[in-house]
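Structure first, then comments.
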Amino acid sequence: MKILVCISKAPDTTSRIAFTDNGTAFDENGVQFIVNPYDEWYALVRALELKETQGGSVTTVTVGGVDCDPIIRKALAIGSDDAVRINTDPKDSLFVAKQIAAYAKDNAFDLVLLGKETIDYNGAVVGGMVAELLDVPFVSFAIKMEVNGSTATLEREVQGGVEVVEANFPLVVSAAKGMAEQRIPNMRGIMAARTKPLQIVEAQDVSTSTTIVRYELPPAKAAVKLVSADNVAELVELLHKEAKVI
Amino acid sequence: MRTDQYQGHDYYMMDDLLTDEHKLVRDAARAWVKKEVSPVIEDAFEKGVFPRNLIKGLADVGAFGPYIPVEYGGAGLDQISYGLIMQELERCDSGLRSTASVQSSLVMYPIWKYGSEEQKQKYLPKLASGDMIGCFGLTEPDHGSNPAGMVSNFKDDGDHVILNGAKMWISNAPFADIAVIWAKSEEGRIHGMVVERGMEGFTTPTMHGKWSLRASDTGELVFDNVRVPKANILPGRSGLGAPLSCLDSARFGIAWGAIGSALDCYDSALRYSKERTQFDRPIAAFQLQQKKLAEMITEITKAQLLTFRLGQLREAGTATSAQISMAKRNNVDMALHIAREARQIHGAMGITNEYPIMRHMMNLESVITYEGTHDIHLLITGMDVTGENAFK
């Protein structure tokens, strides 16, 4: 099975978040980037597991500049066979989806796997867009995936239970927690990553469909209001009128 | 044991000096430690046992001979990668790092540097994969800082030698498959040789009652007329310089490791000082606590810079033993001082195993003594700058 895994960089969760250019761009200064955890822990690892049981190959694709190379090397160290970087600054979800779809179309993958969302912009739409552009089925937020010949059986978490879906390859799947378990790159993988191919592909000429007007930080956390344990009436009053949760 | 919330601290953007591969190696070691070791380390320390089920993982993250060439099963990494792995292991526990240091610098290093091709092929791949564990015997009950006075000796016996003597304070001894040991020939020349478990007359009694490095097994090596094949003698070098060169490699790793301990203590103290409220303010807001924290990160940053430069020198093959001594001495002393200050910031909680502070502090009391004591390293620097020998 020929699998393409979409890998995106995301700020480390401990990063200090700030904006630049009048609040229209994320300030990357001093920020450590990691592989988007949903892409790494679930999509990539499940792809590797499928390769281990079904045979085939795992390629990662990243839309981004040379600053993405460290996270691509990590994906190679974890076990992908080769990597592709589409050399452009990602603008918005449709822009990224069109870049990935163009590459995927030319290279005929059986399965495109990606995380359910990135932990920075949380768009969660690239997978659906790629599927539409490739005119293949899309299963989102999958927590389990088994392969039987030309068919995949997937589980999705739905309100109060699980939905079981079947779809034929080629297929796009976005992976959620439960799909696989994080793999820590071992020394052999890190060594092997040195010589695995990283192909740089020129980007498609795609116009963006949205413009960022501004980003805003959430309001600073207010001080905690302590209510004495024997004053339930005041607590209820505050929850009702101030917090407006009851 | 609380969840391991450790985050690295990099006040002078040292990461800019590292390659992507350095960071990958370090972060992989850190992730493995958090996942596999942090949840069990307090229990192992309390019980006084080395968790042997960690050996495979240590091998996987490259903790066993990362700089040994690939053809002998090593990872072929550079010296800074070795240092970073040791830093991440000791960030968790000095005993964990000790196990890896011994295997890498005191067992694999001498076999790689001074062993015959047959010895390298026979031992190094298994040591790198963790299928074989080694220990190193230099120190004796009556000869610590003065190893040249050792009494362990061997006599010629055809194609074998007959080895007698005893070694003490040997990390990994109780479960090691092989021991690289140093003993005097009939001419009084120090030679290294590989003694294998199972050779008649070779025993490795465990040492008990340690209040330090409790998650690392320590023992003695006793040789009672052990017949060792001559093929097990390391042919490449003899004299005290041979074991001392191994100690250079180990001390280099300790210099990095100590930064790990210091970072963990600082990280815990910084977090605790922001969370702990007294007099209606987090204690981080009080000048006396800030003084401690500011001095800690200053000393850690100085040590990081010193040690990174030492890594460059070591990689270039130009680091002197005296330069390594300076880093080992400075960094372990720095880490021990930070552990004590961090203990104070944690107040009473600092003495419990809810926090790693006391464990680090107890461990560092060994680290400041083994691999050359704090005082001996000072005399090495003193001799280096004055040209005068003040050892005896």
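Throughout, a chain's letter reflects where its sequence line sits, starting with A, and its residues are numbered from 1.
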Any chance [atom1] of [X] has more than 12 other-residue heavy atoms, nucleotides or ligands included, within less than 6.0 Å?
{"X": "A/N29", "atom1": "CG", "value": "no"}
{"X": "A/R188", "atom1": "CZ", "value": "no"}
{"X": "A/E181", "atom1": "CD", "value": "no"}
{"X": "A/K196", "atom1": "NZ", "value": "yes"}
{"X": "A/K51", "atom1": "NZ", "value": "yes"}
{"X": "B/E315", "atom1": "CD", "value": "yes"}
{"X": "B/K34", "atom1": "NZ", "value": "yes"}

Does the side chain of [Y] come within less than 4.5 Å of [X]'s, by heavy atoms?
{"X": "A/R73", "Y": "B/E21", "answer": "no"}
{"X": "B/E36", "Y": "A/I184", "answer": "no"}
{"X": "B/V25", "Y": "A/M191", "answer": "no"}
{"X": "A/K74", "Y": "B/D27", "answer": "no"}

query: Can you say whether B/D15 sits under 4.5 Å from chain A via the side chain, the backbone, both, or neither, judging by heavy atoms?
result: side chain

task: Output the option from B/Q7, B/K23, B/K35 having the highest count of non-hydrogen pairs under 4.5 Å with chain A.
output: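 Option with the greatest count: B/Q7.
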
message: Out of B/A31, B/G62, B/A75, B/S81, return the one with the most heavy atom pairs under 4.5 angstrom to chain A.
response: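 That would be B/A75.
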
field: Contact summary for A/I190 and B/A28, nearest pair of heavy atoms
entry: CD1-CB, 4.2 Å

query: If you look at every heavy atom in B/G76 and A/R194, which pair is closest and at what distance?
result: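 Heavy-atom minimum between the residues: O-NH2, 3.8 Å.
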
query: Could you give the distance from CE (A/M187) to CG (B/L24), rounded to the nearest 0.5 Å?
result: 8.5 Å

